[in-house]
Amino acid sequence: MSAQKPSLPQGTRDFGPAVVARRNYIFGIIRRVFEKFGYAPLETPTLENLSVLTGKYGEEGDQLLFKVLNSGNFLKKQKGDVIKEEVTPDDLLAGPKKVLPKIAEKGLRYDLTVPFARYVVMNRGTLTFPFKRYQIQPVWRADRPQRGRYREFYQCDADVVGTDSLLCEAEIVLMMSEVLNALGLTDYTIKINHRKILSGLYEALRAEGKEADLFVAIDKLDKIGPNGVSEELSAKGYSNDMIKRLFSFLSVKGNFHDKLTELEKMYKDSIGELRDDSGIWFEIVEGQQYAKSGFIRALENARGFDEIKKVYNYLQAFDFTQFDNLEFDPTLARGLSYYTGCIFEIKINNVNMGSVSGGGRYDNLTGAFGLPGVSGVGFSFGVDRLYDCLEELNLFPSDAATTTRCLVANFDVEGERAMLPVLRQLREAGVASELYPEAGKLGRQFKYADAKGIPFVLLQGSEERAQGRFKLKTMSTGQEQTLTLEEVLAVVQA
RNA sequence: GUAGAUAUAGCUCAGCUGGUUAGAGCGUCGGAUUGUGAUUCCGAAGGUCGUGGGUUCGAGCCCCAUUAUUUACCCCA
């Protein structure tokens, strides 16, 4: 057998001990906050049936799903003597769309929200609503990897389904800021917007065509600037008049409250304008006629403003203090197609990294699985991006990577035997400890401790053993003390 | 899917218009030091120069192809 060069699939990574320890540090903080807010853990399978996943993330998302080839001979099926072709020449001619469902019926999960919705529907009889769950598992996307983007990455989701209450939205903001604070991140922005406000913009422009084109374009405002957005919208068929109108809406300035109220006023003014789309015309004021369908849509969209305000009021009632980190951003769009209400995103400032968290309310995700009328809201941390941010900002605590706290040096055969009970007592005291597994040069053993970041080394050579004492070296300072075992435990446990 | 960049030791990278035997730092291993790491000193191992073709008297360097990695677009955590 010839040796092959080992390699990893594109966009995947190994995680060595130090990295895992630091990821666990992040997981720990997130899990603690989620549990503190009353969310219970859930895990779902890596594989889902493709029928569960497809159509939930938009066209783009479907393409990014990893599909898993059916087991066995996926081209033919044999029953008794009858061999049935699964994939016919006609299918092949018709292309991948026709062939794919016949050869792949499973896929890797793309996020945690859709599997959660599936779980809720399948277990509706046994769940107590509102149902709050958190979920920390990897997800897969067949994307081209680049900075902060991997094909396999961890998401930490917290979602609640079965209630419309905007308290949940407010608590999401609280959880977001609490996690970021605990991680030592200070310069961040939690952006909030509402799908209905976005739809309202679309309505106010009297635009036609795909809403999503508009959302995707304005979402890029801070990246490609007004000119870029104009160009993109022109290309999608938006008139100069509409674009001009859009920017007058988006020009709102000031703090959270100012921006929101100003935009709301502009929007409500525009509702009162005559509209020319099809529908039943009816009279509203002073003999003017309005298209009823558009008017009703517009009124419905206006609720977006009320909801954001309520979330804000909840936060004030909570004595939330970090309003400086909270921004109402009417350009925030988010691509996932299932959002219907408030939407969130977190940007870590002064780090070249996409959003580290995103989420929102989805009114009818369970409807796709036959359970309509169950509203849900949730969000997700991208741990891999958080990790990259913490690393770039040097915010990992120095002991986050350490597992062993005390290395017991190994002098010789008798020494090794004498240290075994000591090792046991260290461990019983809850001190992560290891005995260097072979007698040998102390230099090597200290190097080992240094390389692993072990803070203490415990030694007992013949001299110390004669006095019934130990020598404890603190690696960071190089200081050594001669101590009894009790004293050693006290120092090491501190 | 589209476009660019890169590929030389375990890692990070030098390598002159194309010219003898391809270098450094870090790491690893050995020694100075058989009771002391990070710091000091000495030494050693480690390379089909991504792969396959081509040009040339001669290719790490030039050309073509290919694979991988990476950045950006699209989209997203």
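Small disclaimer: the values here were computed from a predicted structure and weren't measured. Naming: A, B, ... by sequence-line order, numbering from 1 per chain.
Within residues 382-394 of chain A, the residues approaching RNA chain B are A:G382, A:R385, by heavy-atom distance under 4.0 Å. Near RNA chain B, defined here as any heavy-atom distance below 4.0 Å, the residues from residues 408-422 of chain A are A:F411, listed numerically. Within residues 475-494 of chain A, the residues approaching RNA chain B are A:M475, A:G478, A:E480, by heavy-atom distance under 4.0 Å.
When A:R405, A:K473, A:M475 are each tested for a side chain to side chain contact (heavy atoms under 4.5 Å, CB included) with A:P455, only one passes: A:R405.
In this structure, A:I454 atom CD1 and B:rU36 atom C1' are separated by 15 Å, rounded to whole Å. Here B:rA77 presents its C1' atom at 13 Å from CD1 of A:I26, a figure rounded to the nearest Å. For A:E464 and B:rU36, the CD to C1' distance is 12 Å, given to the nearest whole Å. One can place CZ of A:R151 at 11 Å from P of B:rA68, the figure rounded to the nearest angstrom. Regarding A:F381, its CZ atom lies at a distance of 13 Å from the P atom of B:rA77, rounded to whole Å. Between the CE atom of A:M353 and the C1' atom of B:rU71 there is a distance of 13 Å, given to the nearest Å.
Stem regions annotated for RNA chain B: B:1-7 with B:67-73, B:10-13 with B:23-26, B:28-32 with B:40-44, B:50-54 with B:62-66, counting only runs of 3 or more consecutive pairs of Watson-Crick or G-U type with both contacts under 3.5 Å.
A:K347 comes within contact range of no nucleotide atom at all, as no heavy-atom separation falls under 4.0 Å. Across all strands, A:G148 comes closer than 4.0 Å to base atoms (heavy-atom distances). Within the 4.0 angstrom heavy-atom criterion, no nucleotide atom of any strand lies near A:Y448. The residue A:Q155 sits close only to the backbone: its heavy atoms come under 4.0 Å of sugar-phosphate atoms, none of a base.
A:K441 contributes no side-chain N or O that forms a donor-acceptor pair with the base of B:rG35 under 3.5 Å. Not a single donor-acceptor pair, N or O on each side, falls under 3.5 Å between the base of B:rA77 and the side chain of A:R149.
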With a cut-off of 3.5 Å and sequence neighbours excluded, list every side-chain donor-acceptor pair involving residues 34-47 of chain A.
from, atom 1, to, atom 2, distance (Å)
A:E35, OE2, A:Y134, OH, 2.5
A:K36, NZ, A:E178, OE2, 2.3
A:T44, OG1, A:Q135, NE2, 2.9

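Residues A:N349 and A:T189 bring a donor and an acceptor atom of their side chains to less than 3.5 Å of each other.
Between A:P145 and A:I346, the one whose closest nucleotide on RNA chain B sits nearer the 5' end is A:P145. Each of A:Y154 and A:Q460 lies near RNA chain B, and the nucleotide nearest A:Q460 is the one positioned closer to the 5' end.
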ask   = Reading nucleotides 1-12 of chain B 5' to 3', which nucleotides get B (base under 4.0 Å from a protein heavy atom), which S (sugar-phosphate only), which -?
value = BB----------
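Side-chain proximity of A:S355 to the nucleotides B:rC75, B:rU71, B:rA77 is greatest for B:rA77.
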